[in-house]
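Below is one structure; the comments refer to it alone.
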Amino acid sequence: MIVAIDGPAAAGKGTLARRIAAHFQLAYLDTGAIYRAAAFQAVAAGDDPADPVAAEAAAKRVRAEQLADPKLRDEAVGKAASVVAAIPGVRAALLAFQRDFASHPPAGSRGAVLDGRDIGTVVCPLADVKLFVTASAEARALRRFKELQEQDPGAIYLRVLQDMKDRDARDSQRQAAPLAPAPDAVVLDTTALDADAVFKMACDIVGRKVAL
Ligand code: CDP
């Protein structure tokens, strides 16, 4: 059983993917963390994340143990991740890791949930369930702004909104595996929905597949 969850930044994919994984006893892979780790490695080595040779070498150094590092969650790392993610060699270097996780999830799980930008289109085109979780840029920026404000009371909403729009543009307009719903994905627009409502809708969709 493979569940693919794609969508733009701060649409609520991660929260949903974790809950779906726990509910249906599936293993969870946050594929954004892999791109974040590649970007982090490139910057830590003193390289420009936009340099294709350095970024691909950094992607090849990514190891599963690094993915839980809290430093990967910084906004600056997210921004750099969307820069390395546009480089075809980086995507190619990270593809096998993701496919291997999907086809051989850790023992004890009944399958896998992967969230990202291209899971339903490129990484797992034969996934049993494909969800595309989205929301307006303003709603997503507001969610990200509230999270940021907890760490930094000086956070500025309009700057968060602009960063969100820049990241959406980079992710949607790149040549390599751009952010887009697979033709057979169910689109969940969460602009006016809370996390519980989205979880319930997704549970119904996944539950129907499990029952087959
Ligand atoms: O958590 P947030 O939605 O802000 O971002 P993320 O899922 O951690 O992903 C960070 C960046 O990695 C994205 O902006 C994408 O450019 C890239 N990414 C990708 O290209 N393909 C994926 N499957 C996952 C992430």
Side-chain angles (χ1 to χ4, degrees), residues 2-18 28-43 49-50 52 55-56 58-59 62 66-102 112-125 127 130-137 139-148 151 155 160-182 185 190 195 198:
I2 297 178
V3 179
I5 304 184
D6 290 304
K13 304 180 301 287
T15 307
L16 177 63
R18 271 189 198 88
Y28 168 54
L29 181 65
D30 166 7
T31 68
I34 308 176
Y35 289 90
R36 284 171 181 263
F40 187 80
Q41 301 249 26
V43 173
E56 188 178 329
V62 171
Q66 300 159 344
L67 303 182
D69 186 341
K71 285 192 221 118
L72 299 186
R73 308 319 313 166
D74 282 2
E75 282 302 288
V77 178
K79 209 183 259 186
S82 75
V83 174
V84 300
I87 299 169
V90 168
R91 306 201 71 84
L94 299 175
L95 191 57
F97 180 89
Q98 298 172 77
R99 286 196 174 147
D100 188 53
F101 185 92
V113 182
L114 285 82
D115 81 9
R117 302 292 188 283
D118 62 339
I119 309 304
T121 49
V122 175
V123 179
C124 302
K130 295 181 187 178
L131 302 175
F132 191 85
V133 181
T134 188
S136 70
R140 292 183 287 115
L142 193 59
R143 290 174 196 164
R144 189 54 53 95
F145 169 68
K146 284 182 181 160
E147 280 168 19
L148 283 175
Q151 306 146 24
V160 177
L161 178 61
Q162 190 54 52
D163 282 352
M164 192 70 67
K165 288 181 173 170
D166 291 347
R167 192 123 76 89
D168 285 355
R170 264 201 302 278
D171 287 352
S172 312
Q173 290 164 19
R174 68 185 179 213
Q175 293 290 316
L179 168 69
T190 72
V198 180

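Counting starts at 1 for both ligands and their atoms, in listed order.
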Distance-only side-chain donor-acceptor flag, S82 / R170, under 3.5 Å: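 Yes - a donor-acceptor pair under 3.5 Å links their side chains.
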Show the atoms of ligand 1 that are less than 4.0 angstrom away from any heavy atom in [X].
X    : result
K13  : 3 (O)
A10  : 3 (O)
R73  : 1 (O), 8 (O)
R174 : 16 (O), 19 (C), 20 (O)
T31  : 22 (C), 23 (N), 24 (C)
A85  : 16 (O), 17 (C), 20 (O)
A9   : 3 (O), 4 (O)
G116 : 22 (C), 23 (N), 24 (C)

Should one rank [options] by closest heavy-atom distance to [atom], which comes out on top?
atom                    : options           : answer
atom 7 (O) of ligand 1  : R144, R140, R117  : R117
atom 9 (O) of ligand 1  : A39, G32, G78, G7 : G32
atom 15 (C) of ligand 1 : L179, D171, L114  : D171

Any N or O of D30 closer than 3.5 Å to N or O of ligand 1: no
Any N/O pair Q98/ligand 1 closer than 3.5 Å: no
Residues R174 and D171 bridged, charged N to O under 4.0 Å: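 Here R174 pairs with D171 in a salt bridge, since their nearest N and O are under 4.0 Å apart.
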Basic-acidic side-chain contact under 4.0 Å: R144, D163: no
Heavy-atom donor-acceptor pair, [X] side chain to [Y] backbone, under 3.5 Å:
X    : Y    : answer
R36  : L72  : yes
Q98  : L94  : yes
K79  : R167 : no
R140 : A135 : yes
K13  : I5   : no
D69  : K71  : yes
D6   : I119 : yes

Considering only the protein, which heavy-atom contact is closest to [atom], and what is its distance?
atom                    : result
atom 20 (O) of ligand 1 : R91 NH1, 2.8 Å
atom 4 (O) of ligand 1  : R167 NH2, 2.7 Å
atom 1 (O) of ligand 1  : R36 NH2, 3.4 Å
atom 12 (O) of ligand 1 : Y35 CB, 3.6 Å

Qualifying residue, where the test is side-chain contact (heavy atoms from CB on, under 4.5 Å) with V123 and the options are R99, R117, R91: R99
